[in-house]
Amino acid sequence: MSDSGLTTVQPPSPPPQPGPPPLSEQVRRGPNRFWLLLPLGLLVVIVLGIIGIRSEAQIAVLVLVVLVSLVFDYTNGFHDAANAIATSISTRALTPRVALLLAAVMNMVGALLGVQVAKTISEVITPPTGLHGLTVVAAGVIGAISWNLITWYFGLPSSSSHALIGGVVGAGLASASTVSWDKVVDKVAVPMVVSPVIGFFAAYAVMLAILWIFRRANPSRVSRRFRIAQSLSAASLALGHGLQDAQKTMGIIVLALVTTGHSDGESVPTWVIISCAGALSLGTYAGGWRIMRTLGRKVIELDPPKGFAAEATASVILYLAAYIWHAPISTTHTMTASIMGVGATKRLSAVRWGVAGNIVVAWVLTMPAAALVAAVVYYLVHLFGA
């Protein structure tokens, strides 16, 4: 109160400026329109396939299959972007946009470094020639896209690789095509089980080594240094993701080219390599915020040393699988298991095993679910188009 007995009136404070929305809000604002357009898009693809088959427009159907495959590659990018960068964002080593840009660039580079995995994918089934074979390939890819978007919507980091292989095998079985079960077992089923196990125990060992080496160091200084190191490990993991996942789509396109007599299957055309690399890179930059939130925050609370150990371990496993075994292993499975491995060094209860259990359920369901969708699509197109 002033000397005159009057109360001093303070001017109203300006309203707070709105800041950027939190990650949870970004998740809710995600590309939901894209999700709503999914049934319409799949219906359009199926109708176009039926029209092409009825008119025997083989080239038109081939172009449609290539475009659908590139759409899968794009969904693979935003679905699996979280694998390479969720830990770096969670530990604040990188900002989200910088991490996404880094992952997109390294995915592009990785996709240009080999074609061995692509050849493995193209040999999983031997579809019929001509339009019938194109129907089989297209149905397999649509099954994989559908499962990718379902698991993305619920934030489950399932494997795009196994969705693609499951879709192709499901369409192959529905069409009575020859399935190379020896390759499915040796190059898919066995690595599907072995790679997460190796990732868990290798990451556990790497994290123990880091804890022992830096046991007397200043914790804050160690954290700062590992934030810098995480930029390198995230780039390395994104490179491995591009090396693995872009090649899988290359294999599908080569399979479509073989069924129409445009390729002998011994090599991958340059235009296929560049197209798949570009689609994967663009999808990665679009970002997979829902899955990123699960990997980066829900499985375990990560710090920079743990993030570095998980990323470095997973990337080495990806390189070995691509160059030595030529096996299309799952980046998702390997990275998630590595995160669990580094978390277990603190104590087993530090890992949120309930979330981990949901992820494992998605792993188990991926191949049969994608196979079922692919079989249904094949029967629909074959019923109305043949």
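Each residue takes its place number in the sequence, starting with 1. What's counted below: heavy atoms across the whole structure, side chains too, no hydrogens, waters or symmetry copies.
His333 has its side chain within reach of His162: a pair of non-hydrogen atoms, C-beta onward, lies under 4.5 Å apart. At least one side-chain heavy atom of Leu239 sits under 4.5 Å from a side-chain heavy atom of Leu113. Taking the side chain as every heavy atom from C-beta outward, Pro128 and Thr259 never approach each other to under 4.5 Å. Within the 4.5 Å cutoff, the side chain of Met192 has no heavy atoms near those of the Ile329 side chain. Side-chain contact check for Val169 versus Met367: every heavy-atom pair is 4.5 Å or farther apart.
Judged purely by atom type and a 3.5 angstrom limit, Arg227 has no side-chain atom pairing as donor or acceptor with the backbone of Arg224. Although no hydrogens or angles enter the test, the distance criterion places a donor-acceptor pair under 3.5 Å between the side chain of Thr260 and the main chain of Ala256. In terms of modelled atom types and a separation under 3.5 Å, the side chain of Gln247 and the main chain of Ala111 share no donor-acceptor contact. At least one donor-acceptor pair closer than 3.5 Å links the side chain of Thr120 to the backbone N or O of His326. Judged by distance alone, with hydrogens and angles left aside, the side-chain atoms of Ser275 form no donor-acceptor pair with the main-chain N or O of Val272 at under 3.5 Å. In this structure, the side chain of Ser180 does not engage the main chain of Ile125 through any donor-acceptor pair within 3.5 Å.
With hydrophobic clusters built from ILVMFWY side chains whose heavy atoms lie under 4.5 angstrom apart, Trp271 shares a cluster with Tyr74. Met335 and Val316 are assigned to two separate hydrophobic clusters, defined by single-linkage of ILVMFWY side chains at heavy-atom distances under 4.5 Å. The cluster map of Ile, Leu, Val, Met, Phe, Trp and Tyr, joined by side-chain heavy atoms under 4.5 Å apart, puts Ile198 and Val190 in the same cluster. Val117 and Ile324 end up in different hydrophobic clusters when Ile, Leu, Val, Met, Phe, Trp and Tyr side chains are linked at under 4.5 Å. Both Val136 and Tyr379 sit in one connected hydrophobic cluster of ILVMFWY residues. Membership requires side-chain heavy atoms under 4.5 Å apart, directly or through other members.
Looking only at atom types and distance, the side chain of Asn218 has a donor-acceptor partner in the side chain of Ser220 under 3.5 Å away. Checked by atom type, the side-chain pair Ser315/Ser236 shows a donor-acceptor distance below 3.5 Å.
Judged as a ring-ring contact (aromatic ring centres under 6.0 Å, His included), the pairs with a partner in residues 218-239 (not counting sequence neighbours) are, in order, Phe214-Phe226, Phe226-Phe308.
Atom CD1 of Ile274 sits about 7.0 Å away from atom CG of Leu112, to the nearest 0.5 Å. Between Thr345 atom OG1 and Ile210 atom CD1 the span is 9.0 Å, to the nearest 0.5 Å. Note: Leu280 CG to Asp245 CG = 6.5 Å, rounded to the nearest 0.5 Å. Here the CG-CG distance, from Asn107 to Leu243, works out to 10.5 Å after rounding to the nearest 0.5 Å. Note that the OG atom of Ser122 and the CG atom of Leu255 stand 6.5 Å from one another [nearest 0.5 Å]. Rounding to the nearest 0.5 Å places OG of Ser338 at 13.0 Å from CE of Met207.
A side-chain contact (heavy atoms from CB on, under 4.5 Å) with Ile317 is found for exactly one of Thr334, Thr331, Val194, namely Thr334.
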side-chain contact (heavy atoms from CB on, under 4.5 Å) between Tyr378 and Val137, intermediate numbers included: CA-CA 9 Å; Tyr378 169 78; Val137 177; over 6 Å; no
Candidate pair Leu365 and Trp147, rule side-chain contact (heavy atoms from CB on, under 4.5 Å), full reasoning: CA-CA 10 Å; Leu365 290 178; Trp147 184 250; 4.1 Å; yes
Ile59/His262 under side-chain contact (heavy atoms from CB on, under 4.5 Å): CA gap, chis, key distance, verdict: CA-CA 10 Å; Ile59 295 298; His262 290 85; 3.8 Å; yes
Residue pair Val65, Val141: steps toward the side-chain contact (heavy atoms from CB on, under 4.5 Å) verdict: CA-CA 8 Å; Val65 171; Val141 178; 5.7 Å; no
Residues Ser223, Asp303; criterion side-chain hydrogen bond (donor to acceptor under 3.5 Å, both in side chains); working and verdict: CA-CA 8 Å; Ser223 181; Asp303 55 26; over 6 Å; no
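Closest heavy-atom contact between Leu318 and Gly240: CD1-C, 3.8 Å. Taking both residues in full, the closest heavy atoms of Leu257 and Pro269 are given as CD1-CG, 4.1 Å, listed atom of the first, atom of the second, then distance. Here the closest non-hydrogen pair linking Asp73 and Ala277 is OD2-N, 4.4 Å. The shortest non-hydrogen separation linking Ala327 to Lys187 is CB-O, 3.7 Å. Between Thr249 and Leu70, the shortest heavy-atom contact is CG2-N, 4.5 Å. Heavy atoms only, all atoms of each residue included: Ala309 and Val342 are closest at CB-CG1, 3.7 Å.
Crowding of Arg221 atom CZ: a count of heavy atoms from other residues, nucleotides or ligands under 6.0 Å not exceeding 12. Residue-environment remark: CZ (Phe201) stays at or below the threshold of 12 foreign heavy atoms within 6.0 Å.
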